[in-house]
Amino acid sequence: MKQESYIQITNKIRKFKYGERTVIFINRLLTDIVYIAFLILLVSLMIQKNKDMIRIVLITGVSFALVSIIRHFINAQRPYAKYDFVPLISKEKKGDSMPSRHVFSAFIIGMAYLYVSIPMGIVIMMIGVLLATVRVIAGVHFPKDVIAGAAIGIILGIIGFYVI
């Protein structure tokens, strides 16, 4: 997206009485749902003494570390830093935009759920798509950042849960 697009979107949202607060709330809600769902998955597998819990923790943990390292080295600028506007979600960072770690996390957790429960995996993946949309609309990521986060989450999930 271009500078004008981000400015138009954020300005339109700010014109609504609770527009900015709504975007912030939706971002937090979707993020919390994904992380709480992951915790529920791990606790339920632990209670069942299901050995898949170890696999899931290792794959998601190693994948998260790998994505964190990749984004540190890429150190891509965030839209609000590149285009000099105020994002809807307050951020201090100027870089580390690519890939989106929020979106990556939603998709790797979605892949973990697909591994044990296809319906829940689909739900988490749909939440990941919504989260990606909110992160772009809020001005904290470019579309390529969230697409990369989703793609890496899916690819590492396929490799970790179905290939290895």
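Keep in mind the model is a prediction, meaning the values are calculated, not measured.
The nearest pair of heavy atoms linking M120 to Y113 is CB-CD2, 3.4 Å. Minimum heavy-atom separation, P99 to V67: CG-CG1, 3.8 Å. The two atoms that bring I89 and A138 nearest to each other are CD1-CB, 3.5 Å, heavy atoms only. Considering all non-hydrogen atoms of both residues, L45 and D52 come closest at CD1-C, 4.4 Å. Taking each heavy atom of F161 and I108 in turn, the nearest pair found is CE1-O, 4.3 Å. Of all heavy-atom pairs between V140 and K91, the closest is CG1-CG, 3.5 Å.
The CZ atom of F64 sits 9.0 Å away from the CD1 atom of I109 when rounded to the nearest 0.5 Å.
A search for side-chain contact (heavy atoms from CB on, under 4.5 Å) contacts involving I47 returns V43, not counting sequence neighbours. Qualifying side-chain contact (heavy atoms from CB on, under 4.5 Å) partners for I147, counting only residues two or more places apart in sequence or in other chains: none. Considering only residues two or more places apart in sequence or on other chains, R21 meets the salt bridge (Lys or Arg N to Asp or Glu O under 4.0 Å) condition with none of them.
With hydrogens and angles left out, the side-chain atoms of S97 and D145 include a donor and acceptor closer than 3.5 Å.
Put simply, Y6 and V86 are part of two different groups of oily side chains (I, L, V, M, F, W, Y) that touch within less than 4.5 Å, one to the next.
Atom NZ of K144 has 12 or fewer heavy atoms from other residues, nucleotides or ligands within 6.0 Å. The environment of NZ in K93 is crowded: more than 12 heavy-atom neighbours from other residues, nucleotides or ligands sit within 6.0 Å. With a 6.0 Å radius and a threshold of 12 heavy atoms from other residues, nucleotides or ligands, Y162 has its OH atom above the threshold.
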